[in-house]
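These notes concern the structure reproduced below.
The structure presented is a predicted model; accordingly, all values stated were derived computationally and were not measured. Proteins come first, then strands; the chains are lettered A, B, ... in the order of their sequence lines, and each starts at number 1.
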Amino acid sequence: MNDTQIEITSRSVDETIALGRKIAQLCQGGELIALIGQLGAGKTHLIKGIAQGLDVEQINDVTSPTFTLINEYPGRLYLVHIDAYRLENAQQLEQLGFDEYIDPDNVTVVEWADRVTQIIDEYDPITIRMHHDGPTQRKIQIQNPTPDITQALQNQKPKRLDS
Amino acid sequence: MTKPTIILGLESSCDETAAAIVADGHNVLSNVVASQIKLHEKYGGVVPEIAARAHLEHLLPVLESAFEQANLTRDDIDAVAVANCPGLTPALIVAVTAAKTLAWVWQKPLIAVNHVHSHLQSVLLEKPSECFPALALIVSGGHTSLYHCANPLELKILGRTIDDAAGEAFDKVAMILNLPYPGGPSIEKCANNGNPKAIRFPRSMLDKDSLDFSFSGIKTAVLYHCRGQNMLGEDRVPAMSDQEKADIAASFQAAVVDVLVKKTIRAAKQVSAKSVMLGGGVAANTALRNALQQRCDQESIQLFIAQKKYCTDNAAMIAGLAYHKLKANLLAPLSLEPQAQGA
């Protein structure tokens, strides 16, 4: 884990999606993204962006896996979307076969990752924290990004993410 | 009188381990769901039995119980059916493996069904009706989908949620209001004493003709209502009166029901359906049942709703759909595998 932390302000749903897209475009496979944020913080929107960045065809297909626990979407790399909201402890994540999803062909995103840190911290995740900062504005902190992501996002104004 | 066709159904796609024996696709001889037979002490409400191990522990007792209740033996069974998609692969594989094994040992046909499609059959359990062609709404914690159904086997998807399922919105709003899990029954109970017009929560209809759903926005709207627009204010819920909570629950429920009913009627008109079918866990919600009944009456569309006990996941609906597949000779090979995504 590196000490890098990038902080970005997203002013809209579109900017959040664009940020997810940018991050995913720089993924090479095998990444684990731990996503932390309250209800309504924009986690699903960020993941829709990540799906776009991985060339998942229909981003409307990307829906919340709160009940299904794990959704998988084929793209340039497989997007594995896990939701820990209903899990009671980190062991339950292991019982889902979590270690098998960490694979060079996959980008694995875990929502509500703060509920299962015990397991996922072993995999050196990129941790993304999303905070409410107004009706549509969100503060997004990225911890332990890959060097590519750091280079692409540092000093970049969020509004330029669309370009 | 011809001998009825008796099918054993097995289900382990999500939280519930279930077995049921159904004659002729609708006559339920037994219907056993693991959480009902209390194999484990409940701790802090309903626990999602996600682990394949939990399904494994439950499967044989559930199976035995299904035979006991039906007062039948394996010799009475004409076919073995199982939901092999969609769901969690490690969960699905338990019932799939059991069904394959039983079919092989007993030398009976094996039938694989789609769990979501089978929710439609729950509408016809114990009361077979002529309802096809129909427009169907399947609404649960994991799904919110509209189908055009020519018959039990030909389903065309017309719309679905693009973010959260309706049932999930109920659960998350229950969490915001500090109401117990599962959220559907909690919200419904709390809403009983509330004014559904107290707060006008947004109804996300998407495009004018869209049959897709979005329930993420209303969840956030409830959150902001309780904690302020920027989430920087304090959480008002602990200080709220029961009446205020009831008003929020009722207003939220009214908004969700409104969207579900409008889109269902919109879809029924688009395909000129003569009947509407309603199934899935959220179909147990009385406000939804009543509102959809009222609108269907106005439009002279016949409405068929699953009995409340068959709304949530069960295996009777699996055996129900399998009956039609057996009649159509759509059998599965013993090499059947679970599939995470449903077709």
Side-chain angles (χ1 to χ4, degrees), chain A residues 13 16-17 37-48 51 56 58-74 78-89 91-101 111-112 116 130-139, chain B residues 13-15 43-54 86-91 140-144 159-165 167-169 171-173 175-176 181-182 206 210 212-224 226-232 281 313 340-342:
Chain A
V13 165
T16 300
I17 292 176
Q38 276 187 307
L39 286 178
K43 298 186 292 297
T44 306
H45 287 124
L46 189 80
I47 291 175
K48 280 183 182 274
V56 171
Q58 282 289 336
I59 69 157
N60 270 357
D61 290 352
V62 178
T63 56
S64 167
T66 294
F67 269 78
T68 48
L69 301 168
I70 301 176
N71 287 346
E72 293 171 54
Y73 306 100
Y78 255 87
L79 170 59
V80 177
H81 182 187
I82 301 179
D83 191 326
Y85 182 80
R86 290 202 305 147
L87 302 185
E88 295 209 309
N89 52 53
Q91 283 70 38
Q92 291 189 333
L93 183 66
E94 265 185 330
Q95 289 164 357
L96 285 173
F98 177 69
D99 55 342
E100 288 172 36
Y101 287 103
E111 275 195 61
W112 298 95
V116 291
M130 305 183 74
H131 305 277
H132 290 264
D133 198 25
T136 58
Q137 189 157 305
R138 301 289 183 268
K139 229 183 223 118
Chain B
S13 59
C14 193
D15 295 350
Y43 39 105
V46 179
V47 174
E49 287 153 359
I50 49 153
R53 212 182 66 192
L88 274 176
T89 309
S140 66
H143 304 274
T144 306
R160 59 187 148 166
T161 182
I162 61 165
D163 40 52
D164 299 353
E168 178 178 344
D171 268 321
K172 294 204 163 147
V173 167
M175 194 195 84
I176 295 168
Y181 183 92
L206 302 170
S210 170
D212 285 333
F213 298 93
S214 167
F215 291 109
S216 170
I218 185 170
K219 168 190 75 185
T220 311
V222 175
L223 188 73
Y224 287 166
C226 296
R227 300 191 192 171
Q229 282 295 318
N230 49 14
M231 291 291 290
L232 301 177
D313 289 353
Q341 312 286 347

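- Top candidate by heavy-atom pairs under 4.5 Å with chain B, chosen from A:G97, A:P65, A:S64, is A:S64.
- Within the 4.5 angstrom heavy-atom criterion, only side-chain atoms of A:Q38, from C-beta onward, approach chain B.
- Across A:N71, A:N60, A:T68, A:I47, the residue that shares the most heavy-atom pairs under 4.5 angstrom with chain B is A:N60.
- For chain A, the option among B:G141, B:S214, B:S13, B:G167 with the highest count of heavy-atom pairs below 4.5 Å is B:G141.
- Listed options A:I59, A:T136, A:V62, A:D61 were ranked by heavy-atom pairs under 4.5 angstrom with chain B; first place goes to A:D61.
- Between A:E72 and B:A340, the closest heavy-atom pair is OE2-CB, 4.5 Å.
- Residues B:K172 and A:T66 come closest through the heavy atom pair NZ-OG1, 2.8 Å.
- Using a cut-off of 4.0 Å between Lys/Arg side-chain N and Asp/Glu carboxylate O, A:R86 and B:D15 are scored as salt-bridged.
- A:L39 and B:L223 make their closest contact through O-CD2, 3.0 Å (heavy atoms, listed as atom of the first residue, atom of the second, distance).
- Between A:F67 and B:D171, the shortest heavy-atom contact is CZ-OD2, 2.9 Å.
- Within 6.0 Å of the OH atom in A:Y85, the count of heavy atoms belonging to other residues, nucleotides or ligands exceeds 12.
- Counting all heavy atoms, side chain and backbone alike, B:D163 lies closest to A:T63 at O-CB, 3.1 Å.
- Below 30°, between 30° and 60°, or above 60°: for B:Y224 and A:H132 the angle between ring planes is above 60°, a perpendicular geometry.
- The local environment of CD in A:Q91 is crowded, with over 12 non-hydrogen atoms from other residues, nucleotides or ligands closer than 6.0 Å.
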